[in-house]
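Step one of this worksheet: look at the structure below.
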2 protein chains.
Amino acid sequence: MNTAGKPGRPRTGEQRLSRAAILAAALRIVDDEGLEAMTMRRLAAALGVNPMSIYHHLPNKAAVFAGLAELVFAGLDDVRPRPGGPWQDEVKDAARAYRAALKAHPNLALQVLSDPSAVSDVVVVTVEPFYRALERGGLPPRAIFESVNTIVDFVHGFLLGELSVRAATFELAPDLVDRVQKLPDGKAPALTRVVNALGRDGLHYDFDGGFESALTLLVNGIESTAG
Amino acid sequence: MNTAGKPGRPRTGEQRLSRAAILAAALRIVDDEGLEAMTMRRLAAALGVNPMSIYHHLPNKAAVFAGLAELVFAGLDDVRPRPGGPWQDEVKDAARAYRAALKAHPNLALQVLSDPSAVSDVVVVTVEPFYRALERGGLPPRAIFESVNTIVDFVHGFLLGELSVRAATFELAPDLVDRVQKLPDGKAPALTRVVNALGRDGLHYDFDGGFESALTLLVNGIESTAG
DNA sequence: ACCTGAACACCGTTCAAGT
DNA sequence: ACCTGAACACCGTTCAAGT
């Protein structure tokens, strides 16, 4: 029901509903209560409106999520090139900004990443900082293209893992060590050896640290592949 | 309803239902009709059984999907080390096998990748071939650990993109050139330059080729980071 | 044009009752 | 122990009717 509880067209200038207002309310629900709380009926209730009113501004639920994806990527601040800094750092900064933008709405990011249309549609613009950095690195177009694809895919996969876990860091050790030691003998010998060599302390996984290590690996790979 | 259409416990040895039988039917539905076709009621119908019967073998729908994730990774054949081949090729083979296993059930892979419990639970064993290869490469334990994380994250992200395109009902091959040329001037200059330099033919994206390029980049990165 | 109420065709899951 | 039927509390979306 609306504010007056009456059907019919609202007075001119009243404009209780709009695409932007609907998306803002939807984003709020997703951020506060999670993805599956965002139903059309719940969204309508949050707006104080009949569920069907939404359909006059957005064709269906998928369109709501597509709109939310836009909002997420709109939060991706342009990465200004560091004055005089090495292009390698610029690549890393682009990746850091990309990760930060998606982490700003953790409940939504998983949906954005697995929604085909959302990803492909919006990546076109958000990928520019990577191209800028690699172009400045003097790489040939083909190498730039492949490198950006690789690094963006990595960030997507990294976020998949990171957002699936609650805390910023978590103890791999109790889980992993136990699990590895429970394995049938010789089932995963190399994994067992590495886990034992690292020990419990070495397995305390830190997502920020893991991200940085991977960026270094990737940038090194770009350099040695292109050079 | 069951075969007889009657309630009550089946005769001994009759055993119409089992966890394995339920999961097999569920996998069939997902493969044939897609993820969202796999509802508890649809699954029951496929088994010729009352929807509620399933709950005696699996606690809920999430457990069904978790069971399906196991099946997917069970399809990951052990990668035998190439006799006398370089360890770099062994790393690539591990990644190829991992990708192939997930692509064997494309409709399910997206679900598996975004399901936290599924991924972390099962990765423990499936990750062994990567550890074996990198250990043979003589890398220190820490470098092995970071490298495997990076490459697995990349494969996840790559699959996200690859399977999204395939799963998309409309808008199959997004024409990057068109989209870039429609952009406001100076919005993405570096991207525009690269796209123009590559031309239409150079942008016909081939997932197999893209995957191989990325693997080379990653292996080079591993080498130069550890060495 | 914009909003509403009722209705349709579904969901996952609980519960009590059958054998 | 295993299966069933009815029921509960939801869904997304269509449609006709209001102003």
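Chain letters run A, B, ... following the sequence lines, proteins first, then strands; residues in each count from 1. Predicted model, so just to flag it, every value in this text is computed and none were measured.
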Looking at every strand, decide which applies to A/Ser53 at a 4.0 Å heavy-atom threshold: base, sugar-phosphate, or nothing. base
Side-chain contact check for A/Asn50: nearest option of C/dC3, D/dT13, C/dG5 is C/dG5
Which sits closer to the 5' end of DNA chain C, B/Ala37 or A/Ile54, going by the nucleotide each is nearest to? A/Ile54
If I compare all heavy atoms of B/Thr150 with all of A/Phe154, which pair ends up nearest, and what's the gap? O-CD1, 3.7 Å
For D/dA9 versus C/dA9, give the span between their P atoms, rounded off to a whole number of Å. 22 Å
Between P of C/dC11 and CZ of B/Arg42, the distance in whole Å: 10 Å
Can you check the A/Leu43 CG to D/dC11 P distance for me, whole Å? 12 Å
Once you round it to whole Å, what is the distance between C1' of D/dG5 and CZ of B/Arg41? 11 Å
Can you tell me which nucleotide in D/dT13, C/dC11, C/dG5 comes closest to the side chain of B/Thr39? C/dC11
So do the side chains of A/Leu27 and A/His105 get within less than 4.5 Å of each other, counting heavy atoms only? yes
Paired with D/dC3 by Watson-Crick or G-U wobble geometry, both distances under 3.5 Å: which nucleotide is it? none
Please check if the side chain of A/Asn107 supplies one atom and the backbone of A/Leu35 the other of a donor-acceptor pair under 3.5 Å. no
Can you tell me how far C1' of D/dC11 sits from CZ of A/Phe65, to the nearest Å? 13 Å
Which of C/dA7, D/dC2, C/dG12 is nearest the side chain of B/His56? It is D/dC2
Distance, rounded to the nearest Å, where B/Leu58 contributes CG and C/dT13 contributes P: 11 Å
Which part of the nucleic acid does B/Met52 contact within heavy-atom distance under 4.0 Å: base, sugar-phosphate only, or nothing? base
Between D/dT13 (C1') and B/Glu36 (CD): distance, integer Å: 15 Å
Nearest whole angstrom, please: distance from the P of D/dT4 to the CG of B/Leu17. 8 Å
A/Phe73 side chain near A/Leu102 side chain, heavy-atom distance below 4.5 Å: yes
Can you tell me the Watson-Crick or wobble partner of C/dA9, both distances under 3.5 angstrom? none
Would you call B/Met38 and B/Val64 a side-chain contact if the rule is heavy atoms closer than 4.5 Å? yes
Nearest-angstrom distance from the residue atom NZ of B/Lys61 to C1' of C/dC11: 8 Å
Give a yes/no answer on whether the side chain of A/His57 brings an N or O atom under 4.0 Å of OP1 or OP2 in C/dC3. yes
